[in-house]
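Structure first, commentary second.
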Amino acid sequence: MHSQYQPAAIETEIQKEWEESGAFRALKGGGKPKYYCLSMFPYPSGKLHMGHVRNYTIGDVLSRYHRMKGCNVLQPMGWDAFGLPAENAAMANNVAPAAWTYSNIEYMKAQLKSLGLGLDWSREVTTCKPEYYRWEQWLFTRLFEKGVIYKKLSTVNWDPVDQTVLANEQVIDGRGWRSGALVEKREIPMYFFRITQYAEELLEDLDRLEGWPEQVKTMQRNWIGKSYGVRFAFPCRLDGELDQLWVYTTRADTIMGVTFVAVAAEHPLALRAARNNPDLAQFIEECRQGGIAEADIATMEKKGMDTGIRVNHPITNEEVPVWVGNYVLMGYGEGAVMAVPAHDERDFHFAKKYGLPIRQSIQVPGEVFSADGWAEWYGDKEKGFCIDSGKYDGLNYQQAVDAISADLKEKGLGDKQVQFRLRDWGISRQRYWGCPIPVIHCGNCGDVPVPDEDLPVVLPENVVPDGAGSPLAKMPEFFETTCPKCGGKARRETDTMDTFVESSWYYARYSSPGCETGMVEKKAAEYWLPVDQYIGGIEHAILHLLYARFFHKLMRDEGLVPGEEPFRNLLTQGMVVAPTFYREEANGKKRWINPAEVDVETDPKGRPVGAKLKADGGPVSVGGIEKMSKSKNNGVDPQGIIDEYGADTARLFMMFASPPEQSLEWSDAGVKGAFRFLRGLWGFAHEIRDMLASEMAGAALSRVEGNQKLARREIHLNLKKANDDYRRCQFNTVISAAMKMLNVLEDLHRSPGSEANRVDHAAVMKEGFGILLRMLSPVTPHISQKLWRELGYGESILDAPWPEHEEDALVQDEIELVVQVNGKLRGNVSVARTASREEIEVLALKAAEKYMEGRPVKKVIVVPGRLVNIVV
RNA sequence: GCCCGGAUGGUGAAAUUGGUAAACACAUCGGACUUAAAAUCCGACGAAAGGAAACUUUCCUGCCGGUUCGAGUCCGGUUCCGGGCACCA
């Protein structure tokens, strides 16, 4: 054993051992409980960043911990390999997305391996390979035939210059990121998954996910957004014919306050009115401008225009004007809303802007209504009751909704309706680097799914997109085909699928990654699923996790997977955030610069205020502090730390920096400290090695006294704490406890009296250091393994039994209590473990005497084992 | 705009059920060792006031208010920051 800690040599040696022995190859059975631990697979963007290191270290810590606890662990890894960045890189560097992606995978795989993760690489999946996506296409055809997938028109961002559809991310301030052209909305046909059919189940099953953070379940509940409302119609007369304008509202109690109706620009009524109203047609055209992102629509200026059409109030029959509003979305509910300016904030501001009437119809006792300004209580449905609402006066929310919906029903103009905010999932993408949608369009037969025997529809891999439209649509060799039904000439679908589809079922594929007869091999899925622990960034709380839950139910309905839910326990790690830097180019576009390439000036609080590019010394603009991402180029590559200090230090530092769920602003301050700890651990092991090897280390631990007993108590106390912390995934304090253990052992070893009783000393040291190594081994597996063997504890620490504390070692004869007077700390008393409440009170009163200033005691509160509070 | 989080010393953070705020580290400063540096070891380290000193007192968990013998923790409000908002993944 070398006296110096040499992480590079140790880590190479240990990793080689694991690889050669197949230490992490997961096999079914063995009589142990299975533990499937899954970290969200990465998009192969080029290099790992600190967010990945955090994610995968957490997963590895949990995997190794459970293995030592006696589980049969599966921890797989793969690549979410389709996606937009590959196309961008392709255009920038003139390489095919496939080649770029595969070379990134190769590099990142080596990085992952150097971290020493206990992964079963034999199960690696890569979503851009036909053997993976063929099964996605297979499921698509099944769902298409079942009607779970359907086609309808949907709105996209259209770049009129590049003649291409843009992702929301590619729309910056309403303009296309490459062309700078004003983006427009455009309707195109797309395939949709009927996720709304599963809305109720997706909502209800959240209650059964006990291992999920409350926060994530709340977000999903709100996203699904089940609401109890009323769908009703405003009757109207158009060109002499009776018609109806349908709306949906959750505030039917305010129906008597309706002063107008707002419809989307694409609403048939708006289009009809625009036919002989050029101003309105012009306004509708304006509404087409801008992107489709909800955040943009919700924050843009609310604009509207009167259509001139009048409808009748369904209760009063009064005439109500119909306006076009740019904030009303066609794809949402009915594409039309009743507007009650007095009781809806958005309607209020809209009415003020256009001088529309505001009519109060709800009153909260003790409040005064004024149309001059908006007040919070106007929208309150808990405390209010109806006024100026005719026969509904005096009713509260629920009574009013019941009465009004009953009346509407009687008139045949509406009824109560449960609605969901959740919309069907549009999966068509007019992009190249994705899974081809397996449909053939035939003039005679319509949309025909590709038959099983013709799957997969293989994506050609040698294509470099040019940013103007879909490359597949320009490749006759791809789209020219014949109809599988009638054999006539037909055209293959050229859209690809949303990349969320691949990541919705990869967790199941890992159970049988090479299966050539189906999506999954049934027996393997039944053994390994569900995932016992899923780990990933909180940014996936809604979309990815909802889609994966949905897919699990789709696959369940196909008889492919067991159970209702894919992920039993979920750990959502906080973002690793870092400052962003950019330079504005001549055309106004921002070029994002990696933090490693700039010198930063900070204010006294440490926040970046200015920066210079290292390369040319020129100034660089400072952006916000955001999650590490490819698009903002603020990812910090862990390789530098691994090269300088080793994987164990990188892992230890990352886990020590903060608890997993907390977001973390990246800083490498403290890396040295983590390294110092491991070097100290190694040095100390080297120092005590001979002593531990001697037979002295076998004495009975229950009989140790004095310093040894105190040290042993500390070790077991910290072990108890660390075990609690492992259970609740708070690894930073596990490491604190480990550091304390090392401090205790070092102090004991160097204390003058330790030589006096060498047998007890060696025994306590041997026990303590063995606990420490196992405690640390999930976090720093290489050094722990190496020392475990060197110090003669055993061959492999991977399957060493997990240490549990001994209650007997914790027993204390005397307990320290805190004494407070009126809640203020005034001293300490030492009492016997067995002291009665009365004895404690006497001691405490004596200790606090001088702070009581002769005032009479009102009350004494004794919290056992903690404190005494004297109230005077 | 809407939904979900977060804020504690110079820094990362701890305090698990309402019970000693700042554990464990980092940085800094002082000392030892050294020709020197690095490494290592020992010590100090929230703020203010008083004291020669030992020490004492007061204040302190973003901000304002409340509940309680006692609040970082519970309740109401508020500011700032982060995540998501359906085509980034």
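Labels below follow one simple rule: chain letters A, B, ... track the order of the sequence lines, proteins then strands, and each chain is numbered from 1.
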| message | Counting the atoms with a prime plus P, OP1 and OP2 as sugar-phosphate, which does A:Arg221 contact under 4.0 Å by heavy atoms, base, sugar-phosphate, or nothing? | response | nothing
| query | When the P atoms of B:A23 and B:G9 are considered, how many whole Å apart are they? | reply | 13 Å
| message | Work out how far the P atom of B:A21 is from that of B:A36, and round it to whole angstrom. | response | 46 Å
| said: Between A:Tyr5 and A:Phe675, is the ring centroid distance below 6.0 Å? | reply: yes
| Contact class for A:Ile870 (heavy atom, under 4.0 Å): base, sugar-phosphate, or nothing? | nothing
| query | What does A:Val819 touch in the nucleic acid at a heavy-atom separation under 4.0 angstrom: a base, only the sugar-phosphate, or nothing? | reply | nothing
| request: Please state how far atom CD in A:Gln730 lies from atom P in B:C24, giving the value in whole angstrom units. | output: 16 Å
| request: Considering only NZ, NE, NH1 and NH2 on the basic side and carboxylate oxygens on the acidic side, decide whether A:Lys721 and A:Asp725 come within less than 4.0 Å. | output: yes
| Which of residues 291-301 of chain A sit near RNA chain B, with a heavy atom under 4.0 Å from it? | A:Ala293, A:Glu294, A:Ala295, A:Ala298, A:Thr299
| field | Nearest-angstrom distance, C1' atom, B:C69 to B:G84 | value | 44 Å
| request: Pick base, sugar-phosphate or nothing for A:Lys627, based on heavy-atom distances below 4.0 Å to the nucleic acid. | output: base
| said: Could you work out, with salt bridge (Lys or Arg N to Asp or Glu O under 4.0 Å) as the rule, every residue matching A:Arg251, not counting sequence neighbours? | reply: A:Asp253
| query | Below 4.5 Å, heavy atoms only, C-beta onward: do A:Val871 and A:Val857 meet side chain to side chain? | reply | no
| If you take all heavy atoms of A:Ile641 and A:Ala650, which pair is closest and at what distance? | CG2-CB, 3.9 Å
| Checking all strands, does A:Gly426 fall into the base, sugar-phosphate, or nothing category for heavy-atom contacts under 4.0 angstrom? | sugar-phosphate
| remark: Here RNA chain B, pairs taken as Watson-Crick or G-U under 3.5 Å and shown with ( ), [ ] when crossing and | when to another strand, reads (((((((..(((......[....))).(((((.......))))).(((((....)))))..(((((..]....))))))))))))....
| query | How would you list, by chain and number, every residue that makes a side chain to side chain donor-acceptor pair (under 3.5 Å) with A:Tyr133, sequence neighbours excluded? | reply | none
| query | Are any of A:Asn168's side-chain N or O atoms less than 4.0 Å away from OP1 or OP2 of B:C85? | reply | no
| message | Restricting to side chain to side chain donor-acceptor pair (under 3.5 Å), what partner residues turn up for A:His49, sequence neighbours left out? | response | none
| request: Mind checking A:Pro42 for me? I need base, sugar-phosphate or nothing, with any heavy atom below 4.0 Å counting as a touch. | output: nothing
| request: Run the salt-bridge test on A:Glu187 and A:Lys152 with the 4.0 Å N-O cut-off and return the result as yes or no. | output: no
| request: Remember a base hit wins even if backbone is also touched, and classify A:Ser629 as base, sugar-phosphate or nothing at under 4.0 Å, heavy atoms. | output: nothing
| message | Quick one, A:Glu301 and A:Lys353 - any side-chain contact, counting heavy atoms below 4.5 Å? | response | yes
| message | With a 3.5 Å distance limit and no angle check, can you tell me whether A:Asn326 reaches the backbone of A:Lys303 through a side-chain donor-acceptor pair? | response | yes
| request: Would you indicate what A:Phe500 reaches in the nucleic acid, counting non-hydrogen atoms under 4.0 angstrom: base, sugar-phosphate, or nothing? | output: base
| Hey, does A:Arg346 reach any base, or is it just sugar-phosphate, or nothing, if we go heavy atoms under 4.0 Å? | nothing
| task | Could you tell me whether A:Met628 contacts a base, only the sugar-phosphate backbone, or nothing, with contacts defined as non-hydrogen atoms closer than 4.0 Å? | result | nothing
| said: If you only use heavy atoms from C-beta on, which nucleotide in B:A86, B:C24, B:G5 is closest to the side chain of A:Trp223? | reply: B:A86
| request: Pick the P atom in B:C59 and in B:C64, then give their distance to the nearest Å. | output: 15 Å
| said: Mind checking if A:Val860 touches a base, just sugar-phosphate, or nothing, with heavy atoms under 4.0 Å? | reply: nothing
| message | Centre-to-centre under 6.0 Å for A:Tyr534 and A:Tyr507, is that the case here? | response | no
| message | Could you check whether any side-chain heavy atom of A:Asn828 comes within less than 4.5 Å of a side-chain heavy atom of A:Val818, counting everything from C-beta outward? | response | yes
| query | Mind checking the P distance from B:G5 to B:C74? Whole angstroms is fine. | reply | 12 Å
| remark: Here the distance between atom C1' of B:A14 and atom CD of A:Gln662, to the nearest Å, is 11 Å
| task | Check whether any side-chain nitrogen or oxygen of A:Thr499 sits under 4.0 Å from OP1 or OP2 of B:A89, and answer yes or no. | result | yes
| query | Closest to the A:Arg423 side chain: B:A86, B:G12, B:A89? | reply | B:A86
| note | In B/S/- notation (B base, S sugar-phosphate only, - none; protein heavy atoms under 4.0 Å), nucleotides 16-22 of chain B written 5' to 3' is B--BB--
| query | How far, in whole Å, is B:A27 from B:C42 if one measures between their P atoms? | reply | 15 Å
| message | Please report the interatomic distance CZ(A:Phe684) to NE2(A:His749), rounded to the nearest 0.5 Å. | response | 5.5 Å
| Are OP1 or OP2 of B:C41 and a side-chain N or O of A:Arg750 less than 4.0 angstrom apart? | no
| said: A:Gln170 and side chain to side chain contact (heavy atoms under 4.5 Å, CB included): which single residue from A:Asn157, A:Asp159, A:Leu84 fits? | reply: A:Leu84
| Integer angstrom distance from the P of B:G30 to that of B:G66 | 46 Å
